[in-house]
Protein chains: 4
Amino acid sequence: MAHRQSDPAPDPTRRSERSRRAIYDAALALVGEVGYPKTTIEGIAARAGVGKQTIYRWWSSKADVVMEAFLDLSEQAAEAARAAGQESYALPDTGDLAADLKLVLRATVDELHDPAFEAPSRALAAEGVVNEELGRRFVAKLLEPSLQLYVDRLRSAQAAGDVRADIDPRIALELFVSPLAQRWLQYTGPISYEYTDTLVDYALNGLAPR
Amino acid sequence: MAHRQSDPAPDPTRRSERSRRAIYDAALALVGEVGYPKTTIEGIAARAGVGKQTIYRWWSSKADVVMEAFLDLSEQAAEAARAAGQESYALPDTGDLAADLKLVLRATVDELHDPAFEAPSRALAAEGVVNEELGRRFVAKLLEPSLQLYVDRLRSAQAAGDVRADIDPRIALELFVSPLAQRWLQYTGPISYEYTDTLVDYALNGLAPR
Amino acid sequence: MAHRQSDPAPDPTRRSERSRRAIYDAALALVGEVGYPKTTIEGIAARAGVGKQTIYRWWSSKADVVMEAFLDLSEQAAEAARAAGQESYALPDTGDLAADLKLVLRATVDELHDPAFEAPSRALAAEGVVNEELGRRFVAKLLEPSLQLYVDRLRSAQAAGDVRADIDPRIALELFVSPLAQRWLQYTGPISYEYTDTLVDYALNGLAPR
Amino acid sequence: MAHRQSDPAPDPTRRSERSRRAIYDAALALVGEVGYPKTTIEGIAARAGVGKQTIYRWWSSKADVVMEAFLDLSEQAAEAARAAGQESYALPDTGDLAADLKLVLRATVDELHDPAFEAPSRALAAEGVVNEELGRRFVAKLLEPSLQLYVDRLRSAQAAGDVRADIDPRIALELFVSPLAQRWLQYTGPISYEYTDTLVDYALNGLAPR
DNA sequence: TTGTAATCGAGACGGTACGTCCAGTCTTCGA
DNA sequence: TCGAAGACTGGACGTACCGTCTCGATTACAA
């Protein structure tokens, strides 16, 4: 980072779009093929047919490059989904909260098993654990928007009387989202539809007898 | 690891205890001072006053060294706790499940804020995210034993009728443990007594109106 | 040089005199301040407030730029000398050959000690040793004209009977000029008035007893 | 150079002779093949099958490496000559000074035309022009020993009455050696047997009529 | 009690990647 | 239309570590 400050700051309007795209592609391809630790700036540059300086000019670290590459990928995916008529900016709301949550969590389970997403997102999550700044960026850009959808759905459920009014939705969603996240991140247990269904049931009804 | 196979297998009985201790100390000190990524085998060896080969002879990677060092530290801490009369092999069981869980989680909150534990455990957690073998070892050695205590306490609560009998305690515990873990690992939110108390309440009583 | 061919040949009439001057000044200043090897095209351009392309358009290499800059400096110096009434296009001819040569060589000794000339001329001489094309240009433009003055003076001496008629003046001058040059270039010995006086004496009278 | 001082100084007794030889060979081969400026440390290391650090550990610069490689080559050549019965530690002394000098200078002319010696010695001479420290080393190790032979021969000539007693041999030798050196270094003129013969004649007999 | 075989500290080795600097080319924009 | 500005590909720089490989010098066990 320090080395960037000293430079006279490059002019973003003259930036080569071609290079940026090539760098994103190379970065994601390498992370997928050889894993994040063996992915090197030098390797990305070579694969992208780009000078190393072009990477160092616009990004401050390998984590930064991979992060933006992944962000870009997500945006493209979102764009594609939007174009395909899907609305990814809201959870389904059939009136049956449990069913809706289970559905969405099952989709998340599938996504977590998709190898195209797994390598870079694990890498970024790991980096974020140890690098607070990047971690917060990762959360703000990638995680929080998804979590917000749960907040919205839970509020709707509160309006319908399906969730107690005094519940904080931002915390409530963690009851079923965080366990899944932890199992995936830390290999603390297997991930399955049955598991996520169970989480929803437990979370909605509580552990204590009613 | 591969490089170990080629060696004629070192004789553990002739191992220098002095060196091992020095290596553990150096490893933890460096992780604390300069962070895990800037901690190098070479640096550990120099700091420990030890030849590099002595490290490579007994460990297969930096992650391995730091892992064992941290394990050793934890064991010492546990030992010290035991010596001080505390029993860390069981959760309190006052009959009030909610209160017992809140108490233990508050202690965990404190631990997570302890800088001596934070650097190495974050580093290992991060490494484990990306390195499945190490991740599983980390969980098995450090996480699972603690989680087992929750399982025991929940079973006791089931026997007392405070938790429904059809609940799987291994999953149930994740409702309040995983959210805390995720907030700590991924900076998805602040960590406080109030937060963990809320988690316990939500988990025990559920989100749906009763 | 090759890269010049590809360009559509720049139009010298539209060349910016301002830029050329600035480039000469910057080049000589940098060679003086940081030495020839650390002088870079980029540095010259920045110091001259000029685009790199402006340099590459008119010169083929760093050596080329410095060469022309130095040539320009020499011409200016010659001009100034001429303006001051000195005639630098001929050696003194008092009738006493030995005295005349000693005088001129002493002036050369002084010049070789002048730091303003030393850095760039050493740099160019060095470059010329290894780069024949540039070396020959250096000699033709800078050295040969001076040597010609010795040739003229020696011819005049031959006419006066002070030098044998069968002597080749172009070779003869090397007897006292080359030793001085070598001592300066290669640090093979100290340079002083006494030394050059001795050279003249030895050269004129020979080593063998008469 | 600075970076060497900071290191704790490597242990010369543990140095790899194999690597040193390979580095010398690679350096000389590259200088011969692509020229000194295009010879890089990286290239030498690759060609020698050696890590770059092994070069930086023992030498402070490219010039240093090439210098020692050339020195080593010269020593080997001298050794070989010695083994072949030649005595390179003295000039011939037939009693005819002029003939002896002409003979030796003709041999020098041949040597200067030998491409195996030309590339590295030009490179080192050039470097020495601009780098005083290296220049002096070059002279002391390579030039001065040869010049000393001339001094010896001239003294012998003085004893025989063939050279005036008041002549300083160290300066006298420059009358025929330096012109040759300058023509070779700076391309100030062609080099031939006839030329060196002429130099000897002029120097011994002087330019003035007798 | 004395070899003798292993481990030990030390650090040189062949390598890979780092982050920087500059070469030489190409593109944009203002005068 | 040229020149300043500077982004671009490319490649060498000198450094830091990697993991392997000798080296003596302890050191502890078996003879």
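Chain naming here is simple, since letters A, B, ... match the order of the sequence lines and numbering starts at 1 in each.
- Across the protein-nucleic acid pair, B:Asp11 atom CG and F:dT27 atom P stand 17 Å apart, rounded to whole Å.
- Within the 4.0 Å cut-off from OP1 or OP2 of E:dA23, not a single side-chain nitrogen or oxygen of C:Trp59 is found.
- Between A:Lys62 and D:Gly49, the one whose closest nucleotide on DNA chain E sits nearer the 5' end is D:Gly49.
- Atoms CD1 (D:Ile41) and P (E:dG15) sit 17 Å apart, rounded to a whole Å.
- For A:Ala48 and B:Gly43, each mapped to the nucleotide of DNA chain F holding its nearest heavy atom, the one lying further toward the 5' end belongs to A:Ala48.
- Per the geometry, OH belonging to B:Tyr56 stands 17 Å off C1' belonging to E:dC8, to the nearest Å.
- Formation of a donor-acceptor pair under 3.5 Å by the D:Arg122 side chain with backbone atoms of C:Val129 is found in this model.
- A:Tyr36 has its side chain within reach of A:Glu127: a pair of non-hydrogen atoms, C-beta onward, lies under 4.5 Å apart.
- Rounded to whole Å, the distance from CD1 on B:Ile55 to P on E:dT7 is 16 Å.
- Between the CD atom of C:Gln53 and the P atom of E:dG24 there is a distance of 11 Å, rounded to whole Å.
- Close to E:dC8, at under 4.0 Å from its OP1 or OP2, lies a side-chain N or O of B:Arg57.
- Side-chain atoms of C:Glu42 stay outside donor-acceptor range of the base of E:dC21, with no qualifying N/O pair under 3.5 Å.
- Of the residues in residues 17-38 of chain C, not one comes within less than 4.0 Å of DNA chain E through any heavy atom.
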Go through it in stages, so that I can follow the logic: the residues are C:Arg47 and C:Glu33, the test is side-chain contact (heavy atoms from CB on, under 4.5 Å), and I'd like the CA-CA distance, side-chain angles, deciding distance and then a yes or no. CA-CA 12 Å; C:Arg47 169 96 137 197; C:Glu33 289 170 21; 2.6 Å; yes

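- Residue A:Thr54 has a polar side-chain atom (N or O) positioned under 4.0 Å from OP1 or OP2 of F:dT9.
- Taking the charged nitrogens against the carboxylate oxygens, C:Asp72 and C:Arg21 do have a contact shorter than 4.0 Å, which makes a salt bridge.
- A salt bridge between D:Asp64 and D:Arg137 is present, with a side-chain N of the basic residue lying under 4.0 Å from a carboxylate O of the acidic one.
- Remark: the backbone N or O of B:Thr39 is paired with a side-chain donor or acceptor of B:Lys62 at under 3.5 angstrom.
- For F:dG19, the base has a donor-acceptor partner in the side chain of B:Lys52 [N/O atoms by modelled type, under 3.5 angstrom].
- Where D:Arg14 and B:Thr39 each meet DNA chain F at their nearest nucleotide, the meeting point lying more 5' is that of B:Thr39.
- Side-chain to base pairing of B:Arg15 with E:dT7: no donor and acceptor N or O lie closer than 3.5 Å to each other.
- Applying the side chain to side chain contact (heavy atoms under 4.5 Å, CB included) criterion to D:Ser121, with sequence neighbours excluded, gives D:Phe70, D:Trp184.
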